[in-house]
Asks: 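Dumping the structure here so I can ask a few things about it.
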Amino acid sequence: LTSRCGNYILYGRPCFAYDEVREHFLARMEELIALGFPGIHLGTARSHTMYFSGWVGTPEEMRMWGFNPPLLEEYRRRTGVDLTRIGTIRHAAVPDAQRVCKDFAQTMVRYEDCAECDYTLLRRIHGEAVEALLRSFRKRHPDAVVSLEAHHSNVLPGFWPVDAIYMFDLDIMLNERLIDEFMTFGNFQGQSAPIAEARQMVPQLRARNAPFGVWLNDILSPSGGEAADVTALDICGYVERIHGADCDWFCVHEADFIEKCPERDAIWKAFEGLAQ
């Protein structure tokens, strides 16, 4: 993905508006089917790159990415607005403590005197490109199972997308059977709001008999990725919140870290409650 000024690139986050990108992903999906897999799982919410700019991701900074030429051209066609018009680009040094990735950016970027951007429309145009990829795959493999992973704010109106890259139309994807099941992504540790928000999409999914899954992200410590300080009691409280999501299945991210935890046996037993 490129920044609005075109001077910065977020590697590891593909722009599906390019024909070549969709063709590449379609070829990879075809490989999986050829190997005998019954379907594919397309993850759009995570990447092994940093998500936002070199500054901690406030809503303003999250809007920095996703201005690739094909997206801008389609936006201009629909609105007549040229988003490449930027009056002033301001840069400020970013303290090390605030930088998300030490090797990425040492500057904070501000764009001023710009054409006003309808970010919901711009992200929806990118979401349509992902839907076009799934549509091509479905035509070739009508019987394959297709699972989509995305943050719930990418499909629910009224939320700014956490990854600020796509907006999907859940009704289109379900009505055209572009997807068979949906998995929401989010860090649910220590909070209940994401659960309540995610449940808003359950009626849509249930009406189409589409399973609803939950990605249990970075639940093993407050910072994620380590489990030495997690107790079975922590997991029990977490399990109660997941039960409240009314999900059909779940995926435990970084579960291997549980093996490093002194209470690993008790933690695994607590997780058994999710399978009841």
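Values below: every heavy atom of this structure, side chains too, minus hydrogens, waters and symmetry copies. Treat the numbers as computed from the prediction; the structure is a model and nothing was measured.
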Asks: With sequence neighbours left out, write down each residue that passes salt bridge (charged side-chain N to carboxylate O under 4.0 Å, His left out) with Glu30, or none if nothing qualifies.
Replies: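 Counting only residues at least two positions away or on another chain, Glu30 forms a salt bridge (charged side-chain N to carboxylate O under 4.0 Å, His left out) with Arg140.
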
Asks: Say whether, by atom type as modelled, one donor and one acceptor occur between the side chain of Arg4 and the main chain of Leu83 under 3.5 angstrom.
Replies: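 Yes, Arg4 side chain to Leu83 backbone: donor-acceptor pair under 3.5 Å.
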
Asks: Between the main-chain N or O of Gly213 and the side-chain N or O of Asp248, is there a donor-acceptor pair closer than 3.5 Å?
Replies: no

Asks: Under a 4.5 Å cut-off applied to non-hydrogen side-chain atoms, are Asp169 and Arg124 in contact?
Replies: yes

Asks: How are the rings of Phe168 and Tyr166 set to each other: parallel, tilted or perpendicular (split at 30° and 60°)?
Replies: parallel

Asks: Asn175 side chain to Asp171 main-chain N or O, any donor-acceptor pair under 3.5 Å?
Replies: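 Yes.
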
Asks: Find out if a path of hydrophobic residues (ILVMFWY) with successive side-chain heavy-atom gaps under 4.5 Å connects Ile40 to Phe37.
Replies: yes

Asks: Using the benzene-type ring in the case of Trp, are the ring centres of Tyr18 and Phe16 under 6.0 Å apart?
Replies: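 When the ring centroids of Tyr18 and Phe16 are compared, they turn out to be at least 6.0 Å apart.
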
Asks: Can you find a heavy atom in the side chain of Arg208 that is under 4.5 Å from one in the side chain of Leu170?
Replies: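 Side chain of Arg208 against side chain of Leu170, heavy atoms only: no contact under 4.5 Å found.
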
Asks: Is Arg138 salt-bridged to Asp180, cutoff N-O under 4.0 Å?
Replies: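 Result for this pair is yes, salt bridge flagged.
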
Asks: Is Arg78 salt-bridged to Glu74, cutoff N-O under 4.0 Å?
Replies: yes

Asks: Regarding Asp82 and Arg85, does a basic nitrogen lie under 4.0 Å from an acidic carboxylate oxygen?
Replies: no

Asks: Count I, L, V, M, F, W, Y as connected when their side-chain heavy atoms are under 4.5 Å apart, and connections chain through other members. Are Val145 and Leu42 then in the same cluster?
Replies: no

Asks: Which atoms form the tightest heavy-atom contact between Arg206 and Phe212, and what is the distance?
Replies: NH1-CB, 4.1 Å

Asks: State whether Phe67 and Arg123 meet the cation-pi test: NZ (Lys) or CZ (Arg) under 6.0 Å from the six-membered ring centroid, and within 45° of the perpendicular axis.
Replies: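 Satisfied, under 6.0 Å and within 45°.
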
Asks: Just one of Leu71, Thr120, Leu72 clears the side-chain contact (heavy atoms from CB on, under 4.5 Å) bar with Ile125, so which one?
Replies: Leu71

Asks: Is Glu73 paired with Arg76 through a side-chain N to carboxylate O contact shorter than 4.0 Å?
Replies: no

